[in-house]
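Any value given below was found using the heavy atoms of this structure, including those in side chains, with hydrogens, waters and symmetry copies removed. Numbering of ligands and ligand atoms starts at 1, following listing order. Here the structure is a predicted model, which means the values were calculated and not measured.
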Amino acid sequence: MIKSTFIKSIFVFCAVVAFMSCEEKKTERVLNFPKTDLALAPIIPKPVKVIATNDGFALDHLTAIYTSENEIGFTEVGEFLSDKIKSKTNLIVPVNATEIPEQEGIIYINKADSTDLKGAEAYQLYITKDSILLNANTAEGAFRGVQTLRQIIPETSTDTLATYPIWTIPTGKIIDSPIFEYRGTMLDVARHFFSVEDVKKYIDLLAYYKYNVLHLHLSDDQGWRIEIKSWPKLTEIGGSTEVGGESGGFYTQEDYKEIVAYAAMHHITIVPEIDMPGHTNAASVSYPILNGNGKTPKLYEGMKVGFSTFDTRKDTVYSFIDDVVREISELTPGPYFHIGGDESHVTKKKDYIYFVEKVEKIVHKYGKRMIGWDEVATANISSSSISQFWASKENADMAVEKNMKVIMSPAKKAYLDMKYDSLSPLGLTWSGFIPVDTAYVWKPEAYEGIPLKNILGIEAPLWSETISTIEELEYLAFPRAIGYAELGWTTEENRDWENYKTRLAAQAPFLDRMDVKYYPSPLIDWEKSKFTYSEITKD
Ligand code: TNX
């Protein structure tokens, strides 16, 4: 007993000495930091306010994370940060550990009720030389703040003198919140199918740039991609094809749940889309009773649009849609259901309107808010429904007249599937080339006269006629998707192409580390701008 107390005291003594000597070293090293400048850190999207205090916080093996443990989701946000620090630096940063003594180098992630924080996604970061305080009203806000923190951790360690590595985080204060509540991108998994793993990788990248919506285009003429238990042939038959004769594929309901859960962990809402009454060939081949174009439907692997339609006057069509909307809504915690509604060129106008109005009621029955491509505003629908402006200002104006919200996705500016220029090996050209500057230099908040109060946000769609692998997806999405993230988050007065260009160039090491095959646009000076500590250091 005495012996064990003695051993314990020796152990505690040694631990204290070891701890003090670390502390001493650390303080010395903190004093030795060169001046930093947080205001030069290449954060995307650019925050509302950044105030630099020119010192350094040492992220090292002594750092620990503490979170508001009793607040929903905060611990998970802390664990997410720890995990990302591990993959960037190899440091193991404990979360809410009880055995660690009070020390310098703590990252606190706190629920705060400050009225300075505007909205659920707002956050404040106070970085001093001995602590980082991340304040947010919600776990979602904390999660957005964590992305900023990840972006200001240098790619490589910054202390060459020390016996252990340090990643120097520039000190200062960041106050931040987004301009739009809906900041999305869409992935067309119908023209070509993308696996759960591919979608997860895309989510990882979107989350880093503070996206909060991923819209999945789950059905089209060339493929039906989600298991519907009450209509099994949809995936058996309709899921078997892709554009160009490739092999198709679909998500089981378990797969879809996995995507939804992974997105939720990244504070991203999944918006499912079943495109109808046009773009329905794959459904009609599976169940010909649904078909309304007077022909015998056959599996289709081409790229033309506008030839298919449901029979809008058949009760069976609406029982089918009821089952589909019910099954998908049950698996989808987010508030939205997208009914497509675009390019129904062979549906009579009056049938189209009748159809959209009936389907809106089904969407409401299952507790969801309807989104449709801009054509849906030609029907008499509720102001709670949302129009996605992709092509027609006239349709978008009709939505505004109905007091609906509008999502800005103009094909000329926001389509990720357009070629960058005439040399692009992938992509389409029908709405023009979209180089990286054209994608960035426009104003979703003042586009074609849509009043700001009607704009829910921005979404950049990626149609997949010309892409079938994750590398090809990455080539079209990056770097343009990074710019759309800024358009959705950052105020107009804080956006500037010349400034953005240098911050974009500094994303190269992150994109390389994530193995993203981005398009190295010649408009961007990629080589020069590897984000190193020296570049955010100023004497
Ligand atoms: C138009 S955008 C479509 C899609 C195509 C896309 C190709 C929209 C609502 N419909 O069916 O895939 O162009 O860019």
Side-chain angles (χ1 to χ4, degrees), residues 184-194 215-225 241-244 246 271-284 300-310 336-347 352 355-356 359 370-379 385-396 398-399 406-420 424 426-434 438-439 447-448 458-468 472-473 475-477 480-481 484:
T185 174
M186 184 212 79
L187 179 60
D188 173 7
V189 295
R191 270 53 175 275
H192 280 102
F193 181 65
F194 291 88
H215 163 187
L216 293 174
H217 184 76
L218 292 165
S219 70
D220 213 301
D221 292 322
Q222 300 87 345
W224 183 283
R225 307 294 179 211
T241 43
E242 290 182 315
V243 165
E246 288 160 83
V271 175
E273 177 187 351
I274 295 299
D275 200 353
M276 50 196 168
H279 291 272
T280 43
N281 183 70
S284 291
Y300 179 67
E301 293 167 344
M303 275 171 49
K304 285 208 196 88
V305 296
F307 63 88
S308 56
T309 183
F310 278 158
Y336 308 112
F337 192 99
H338 200 306
I339 67 152
D342 57 315
E343 300 172 318
S344 278
H345 301 323
V346 296
T347 320
Y352 177 84
F355 178 87
V356 170
V359 174
M370 187 179 92
I371 308 181
W373 297 105
D374 60 43
E375 290 95 322
V376 296
T378 57
S385 290
I386 299 159
S387 157
Q388 185 162 7
F389 180 6
W390 68 282
S392 163
K393 170 172 163 53
E394 209 184 325
N395 289 340
M398 261 189 262
V406 177
I407 296 168
M408 304 303 282
S409 304
K412 283 184 248 172
K413 301 287 182 189
Y415 266 29
L416 286 167
D417 63 315
M418 289 303 123
K419 289 186 180 225
Y420 292 94
S424 298
L426 304 166
L428 300 174
T429 55
W430 69 265
S431 77
F433 296 127
I434 307 188
T438 304
Y447 186 79
E448 298 269 13
I458 167 175
E459 185 180 292
L462 179 48
W463 301 98
S464 62
E465 286 94 334
T466 67
I467 56 171
S468 59
E472 292 171 347
L473 179 166
Y475 187 86
L476 285 181
R480 288 180 293 199
Y484 298 128

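- Comparing Leu416, Asp221, Asp220, Asp417 against atom 7 (C) of ligand 1, the shortest heavy-atom distance belongs to Asp417.
- Close approach of ligand 1 to Met418 is summarised as follows: ligand atoms under 4.0 Å from at least one heavy atom of the residue are 14 (O).
- What sits closest to atom 2 (S) of ligand 1 on the protein, heavy atoms only, is Tyr415 OH, 2.4 Å.
- Below 4.0 Å from some heavy atom of His279 lie the following atoms of ligand 1, by number and element: 11 (O).
- In this model, no donor atom of one side chain and acceptor atom of the other lie less than 3.5 Å apart for Trp390 and Glu343.
- Remark: the Ser409 side chain and the Gln388 side chain contain an N/O donor-acceptor pair separated by less than 3.5 Å.
- Protein heavy atom at the shortest distance from atom 9 (C) of ligand 1 is Asp342 OD2, 3.1 Å.
- Checking Val359, Val271, Ile274 one by one against Phe337, the side-chain contact (heavy atoms from CB on, under 4.5 Å) holds for a single residue, Ile274.
- Listed by number with element, the atoms of ligand 1 under 4.0 angstrom from any heavy atom of Leu428 are 7 (C), 14 (O).
- Residue contact annotation: Gln388 has no non-hydrogen atom under 4.0 Å from ligand 1.
- The N/O atoms of Arg191, backbone and side chain alike, include one that comes under 3.5 Å of an N/O atom in ligand 1.
- The closest side-chain heavy-atom distance from Trp463 to His217 is below 4.5 Å.
- Taking a 6.0 Å sphere around NZ of Lys393, one finds it holds more than 12 heavy atoms contributed by other residues, nucleotides or ligands.
- For ligand 1, the polar-atom distance check finds an N/O of Trp430 within less than 3.5 Å of one of the ligand's N/O atoms.
- Side-chain atoms of His338 and Trp373, non-hydrogen and from C-beta on, do get closer than 4.5 Å to each other.
- Interface atoms of ligand 1 facing Glu465, defined by a heavy-atom separation under 4.0 Å, are 5 (C), 7 (C), 12 (O).
- In this pair, Tyr300 and Phe307 present their aromatic rings perpendicular. The plane angle is above 60°, beyond the 30 to 60° band.
- Judged by distance alone, the side chain of Arg480 and the main-chain N or O of Ile434 form a donor-acceptor pair under 3.5 Å.
- Among the atoms of Glu343, some N or O lies under 3.5 angstrom from an N or O of ligand 1.
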